[in-house]
Amino acid sequence: MPHLDHYCIVIFINSSSRLGLGIDILYYFYVKLRVKLGIFDATSKKYKITLAALSSIFAFLFLLFFQPFGINNYRPDEKIGIILLLALFAMAAVIFLIIIICEFVIRPLLFKTNTPFKLLAWLVIEIIVTCTGTFLVYNILGEFHDFIFSSYLKHILELGTVLVFPFAATLFYFKHTSVVKEYVDVLSMSKDSVSMQEIIPISGDYKNDQIALPLNAIVFFESEDNYVCLNYLEDVQLKKHLIRSTLSNLEQKLTADAFLRCSRSVIINLVHLESYKFHKKKLTLKLKSVPEPILVSKSHQAKILSFLESKPV
């Protein structure tokens, strides 16, 4: 169970609505940062296309206006000509195409899950692959006049240094957008009178089978024969507690709007809903701090999809 200081915080919050709202938000982000080194969804189409477009445009403009790495034949007075423009445009197009192929084809084959370490490793690989592709195109157009290994390494170092900036900018933008969205979601939930620190009493069939937890500590409920398994967070770790009850009886006792029935065996807490996917007529929900996605039964899909579309995750 959560420590006593959690309950002290809850009692303090409930004493003042405005002050409580501020502490709700701060505590929400405190718990979220401690749960894991969370990252935004770097597998979305919007992220991939933005990364490719921004990298190609940035590379084109940077190489055009600054003309580094001997592009101007080391003559600062050399004017920008049509040949240089076409060459740089072709280079930008190649960068865009390579990143699109990397993101939509190669990455799903190499990395099935999205973690901070895997994302960092993939970005390094992607920059190297992009530099390799542009080096080959550069030599094909130049009839392989500079097709040697030392030049290849130099090309990776030079163009890779340029690509680091749009890659970092894209990551920052999407991470910032994700944090802002989470902040807005917390405010929205608070306005709906669902306090992140509201105490939720949970009782089973037995008199002594009772537990009370803050709303944001409860992750989901799962039916296990004649018991319900409560999955909750304690010290940023996902733990379990068995309650003697049926899921239907327990559902009737849950008054907070944050709880949603997904199937005959699962009730989730929307506070921890991270994303959802609807593929081949199957709807799955991804909860924060839960590694495996939760499958929504067909009988509950229409209701849940209607809710998700009215309030996107």
Side-chain angles (χ1 to χ4, degrees), residues 2 6-7 9-32 35 178 180-204 210-223 228-233 238 241 243 245-278 283-290 293-313:
H6 291 184
Y7 295 108
I9 293 175
V10 174
I11 294 171
F12 177 70
I13 288 174
N14 290 337
S15 65
S16 175
S17 59
R18 290 187 178 180
L19 182 59
L21 174 59
I23 299 178
D24 280 350
I25 297 170
L26 292 175
Y27 188 77
Y28 171 77
F29 284 108
Y30 164 73
V31 172
K32 187 171 181 61
V35 167
S178 176
V180 171
K181 182 180 181 301
E182 290 171 356
Y183 175 78
V184 172
D185 287 345
V186 173
L187 290 180
S188 175
M189 190 170 290
S190 297
K191 290 178 182 179
D192 292 338
S193 300
V194 181
S195 172
M196 299 295 294
Q197 286 296 314
E198 177 186 352
I199 288 292
I200 305 296
I202 304 167
S203 60
Q210 298 181 357
I211 184 174
L213 294 169
L215 174 62
N216 67 331
I218 302 171
V219 182
F220 70 99
F221 299 91
E222 187 175 16
S223 177
V228 172
C229 180
L230 164 62
N231 293 263
Y232 67 98
L233 292 174
L238 189 65
H241 177 80
I243 302 170
S245 174
T246 64
L247 197 63
S248 297
N249 289 340
L250 184 63
E251 183 181 18
Q252 295 176 2
K253 301 175 183 178
L254 298 174
T255 57
D257 296 334
F259 296 108
L260 193 64
R261 185 74 174 261
C262 298
S263 63
R264 293 179 59 185
S265 59
V266 177
I267 296 176
I268 69 165
N269 184 354
L270 291 173
V271 171
H272 297 277
L273 182 59
E274 185 176 72
S275 62
Y276 69 92
K277 290 184 179 180
F278 189 67
L283 176 63
T284 56
L285 307 177
K286 178 67 176 68
L287 300 182
K288 303 165 189 175
S289 73
V290 179
I294 294 176
L295 180 65
V296 178
S297 64
K298 292 183 179 180
S299 59
H300 291 81
Q301 280 189 6
K303 178 184 68 175
I304 293 180
L305 274 175
S306 177
F307 173 83
L308 294 174
E309 289 171 356
S310 63
K311 187 175 181 180
V313 179

### Task
For His241 and Cys229, indicate whether the former's side chain and the latter's backbone hold a donor-acceptor pair under 3.5 Å.
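Not a single qualifying donor-acceptor pair exists.
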### Message
So, using ring-ring contact (aromatic ring centres under 6.0 Å, His included) as the criterion, who are the partners of Phe259 when residues are at least two apart?
### Response
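With sequence neighbours excluded, Phe259 shows a ring-ring contact (aromatic ring centres under 6.0 Å, His included) to Phe221, given in chain and number order.
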Identify the heavy atoms of [X] and [Y] that sit nearest to each other, and give their distance.
| X | Y | answer |
| --- | --- | --- |
| Leu247 | Val228 | N-CG2, 3.7 Å |
| Ala258 | Asn269 | CB-OD1, 3.4 Å |
| Ser245 | Gly204 | CB-CA, 4.2 Å |
| Ile267 | Arg261 | CG1-CD, 3.4 Å |

Once side-chain hydrogen bond (donor to acceptor under 3.5 Å, both in side chains) is applied, do any residues pair with [X], and if so which ones, sequence neighbours excluded?
| X | answer |
| --- | --- |
| Lys303 | none |
| Ser297 | Ser299, His300 |
| Ser223 | none |
| Gln301 | none |

### Task
Would you please test Leu260 and Ile268 for side chain to side chain contact (heavy atoms under 4.5 Å, CB included) and show each step?
CA-CA 5 Å; Leu260 193 64; Ile268 69 165; 4.2 Å; yes
To the closest 0.5 Å, what do you measure between [atom1] ([X]) and [atom2] ([Y])?
| X | Y | atom1 | atom2 | answer |
| --- | --- | --- | --- | --- |
| Leu238 | Leu233 | CG | CG | 6.0 Å |
| Leu295 | Leu285 | CG | CG | 8.5 Å |
| Ile202 | Ile199 | CD1 | CD1 | 10.0 Å |
| Glu222 | Ser263 | CD | OG | 8.5 Å |
| Leu273 | Lys286 | CG | NZ | 10.0 Å |
| Tyr232 | Ser289 | OH | OG | 13.0 Å |

### Task
Starting from the C-alpha separation in whole Å, work towards a yes-or-no answer on side chain to side chain contact (heavy atoms under 4.5 Å, CB included) for Ser203 and Lys253.
CA-CA 8 Å; Ser203 60; Lys253 301 175 183 178; 3.4 Å; yes
### Query
Hey, are the side chains of Phe220 and Val290 touching, using non-hydrogen atoms and a 4.5 Å cut-off?
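SC-SC contact between Phe220 and Val290 confirmed.
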### Task
Output, in order, the C-alpha distance, side-chain angles, deciding distance and verdict of side chain to side chain contact (heavy atoms under 4.5 Å, CB included) for Thr284 and Tyr276.
CA-CA 6 Å; Thr284 56; Tyr276 69 92; over 6 Å; no
#### Entry: Passing option when Leu230 is tested against Leu250, Val219, Ile243 for side chain to side chain contact (heavy atoms under 4.5 Å, CB included)
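When Leu250, Val219, Ile243 are each tested with Leu230, the side chain to side chain contact (heavy atoms under 4.5 Å, CB included) holds only for Ile243.
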